[in-house]
Amino acid sequence: ELRIIWLDGHAKSNLDEVWADIFHANITYVSQYKGIVCMERGVWLPKNSPLYDMPKSYVEFSYEGYEGNDNGSNCGVMDRFIERVLTTYDIPQDRTMDESLDLVIDRQPYFAHPRVDMEKAIKDARVLPEMEAMFPSSRVIKLHEMSFREQVELISRAKSLRGVHGAGLTHLLWLPKGAHVVEWQPEDYSENQLF
């Protein structure tokens with residue numbers, strides 16, 4: 001039985017159900033436990049992705065032109081995660097790209113977390129007004145208005161995904177083989193090479 005235990009600093013969000021869907025897990029908060037908690041086996045995940053600080057030699061990247069590492073010890077963690085998500089939502093691994101599906105993420109100020117500085121979020125340089133007018137031949141999507149399943153189903157067929165630097169670009173994981181990603185970065189984010 002897999003149990004995901006959030007630390008109390010975790011703000012409840014619409015992505016919480018995704019972890020239960022993908023890993024068939026019970027979700028609880030550490031504050032729900034009284035007294036001492038003992039676990040036979042536990043994995044502590046850092047603030048970022050479990051792969052964020054992992055040596056690149058342990059993660060198998062599968063994109064065109066990548067030769068892999070020299071020692072051949074890739075374990076395919078990311079590929080297995082992608083496969084698990086796609087399988088959960090009944091999306092074929094070898095899916096066909098929709099040549100007409102050019103997606104642009106309309107990044108909105110992030111209000112879901114209780115510790116967000118609202119004034120700063122509204123002034124975020126990564127929020128662009130009137131996206132539909134800027135990209136009339138593209139489909140502009142507002143991820144915050146879609147369920148995670150809807151996001152993955154749509155993006156998994158796209159020929160391209162464009163957006164301003166932000167977590168929404170993590171969806172590049174679901175793109176079909178041969179799709180393109182474009183990331184726009186405000187000047188003060190130019191050192192950030194995360195995506």
Contacts of type side chain to side chain donor-acceptor pair (under 3.5 Å), residue [X], not counting sequence neighbours:
{"X": "Asp21", "answer": "none"}
{"X": "Gln93", "answer": "Thr87"}
{"X": "Ser100", "answer": "Asp98"}
{"X": "Arg3", "answer": "Glu1"}

Go through the steps for His180 and Leu161 under the test side chain to side chain contact (heavy atoms under 4.5 Å, CB included), then give the verdict.
CA-CA 6 Å; His180 297 271; Leu161 179 65; over 6 Å; no
Does a side-chain heavy-atom distance below 4.5 Å link [X] with [Y]?
{"X": "Leu143", "Y": "His171", "answer": "yes"}
{"X": "Trp174", "Y": "Gln151", "answer": "no"}
{"X": "Val164", "Y": "Ile105", "answer": "no"}
{"X": "Met146", "Y": "Leu154", "answer": "yes"}
{"X": "Ile27", "Y": "Trp6", "answer": "yes"}

What verdict does the side chain to side chain contact (heavy atoms under 4.5 Å, CB included) test give for Arg107 and Trp184, after you've listed the backbone C-alpha separation in whole Å, the side-chain angles of each residue and the deciding distance to 0.1 Å?
CA-CA 11 Å; Arg107 186 182 191 350; Trp184 299 299; over 6 Å; no
Do Trp19 and Ile91 belong to the same hydrophobic cluster, where Ile, Leu, Val, Met, Phe, Trp and Tyr are linked whenever their side-chain heavy atoms lie under 4.5 Å apart, directly or via other members?
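Yes, one cluster joins them.
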What about Val182 and Met97, same hydrophobic cluster or not, with Ile/Leu/Val/Met/Phe/Trp/Tyr joined at side-chain heavy-atom distances under 4.5 Å?
no
Value rounded to 0.5 Å, distance of [atom1] in [X] from [atom2] in [Y]:
{"X": "Leu173", "Y": "Phe81", "atom1": "CG", "atom2": "CZ", "result": "7.0 Å"}
{"X": "Leu103", "Y": "Ile141", "atom1": "CG", "atom2": "CD1", "result": "4.5 Å"}
{"X": "Glu150", "Y": "Ile155", "atom1": "CD", "atom2": "CD1", "result": "11.5 Å"}

Please report the C-alpha distance between Lys159 and Leu101 in whole Å, then the side-chain angles of each, then the deciding distance to 0.1 Å, and finally whether the side chain to side chain contact (heavy atoms under 4.5 Å, CB included) criterion is met.
CA-CA 6 Å; Lys159 77 168 183 176; Leu101 196 51; 5.6 Å; no
Pairs flagged by salt bridge (Lys or Arg N to Asp or Glu O under 4.0 Å) wherever residues 162-174 is involved - sequence neighbours left out:
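Matches after skipping sequence neighbours: Asp102-Arg162.
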Quick one: which residue pairs count as a salt bridge (Lys or Arg N to Asp or Glu O under 4.0 Å) with a foot in residues 136-146, not counting sequence neighbours?
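Residue pairs with at least one partner in residues 136-146: Asp106-Lys142.
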What is the minimum heavy-atom distance between Gly163 and Leu169, and which atoms define it?
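Answer, listing the atom of Gly163 first, then Leu169: O-CD1, 3.7 Å.
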Identify the heavy atoms of Pro176 and Ser156 that sit nearest to each other, and give their distance.
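Closest approach of Pro176 to Ser156, heavy atoms only: CD-O, 3.3 Å.
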Tyr33 and Thr28 side chains, donor-acceptor separation under 3.5 Å
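Yes, side-chain donor-acceptor contact under 3.5 Å.
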Report the C-alpha distance between Ile4 and Asn26 in whole Å, list the side-chain angles of each, state the deciding distance to 0.1 Å, and finish with yes or no for side chain to side chain contact (heavy atoms under 4.5 Å, CB included).
CA-CA 6 Å; Ile4 295 175; Asn26 294 315; over 6 Å; no
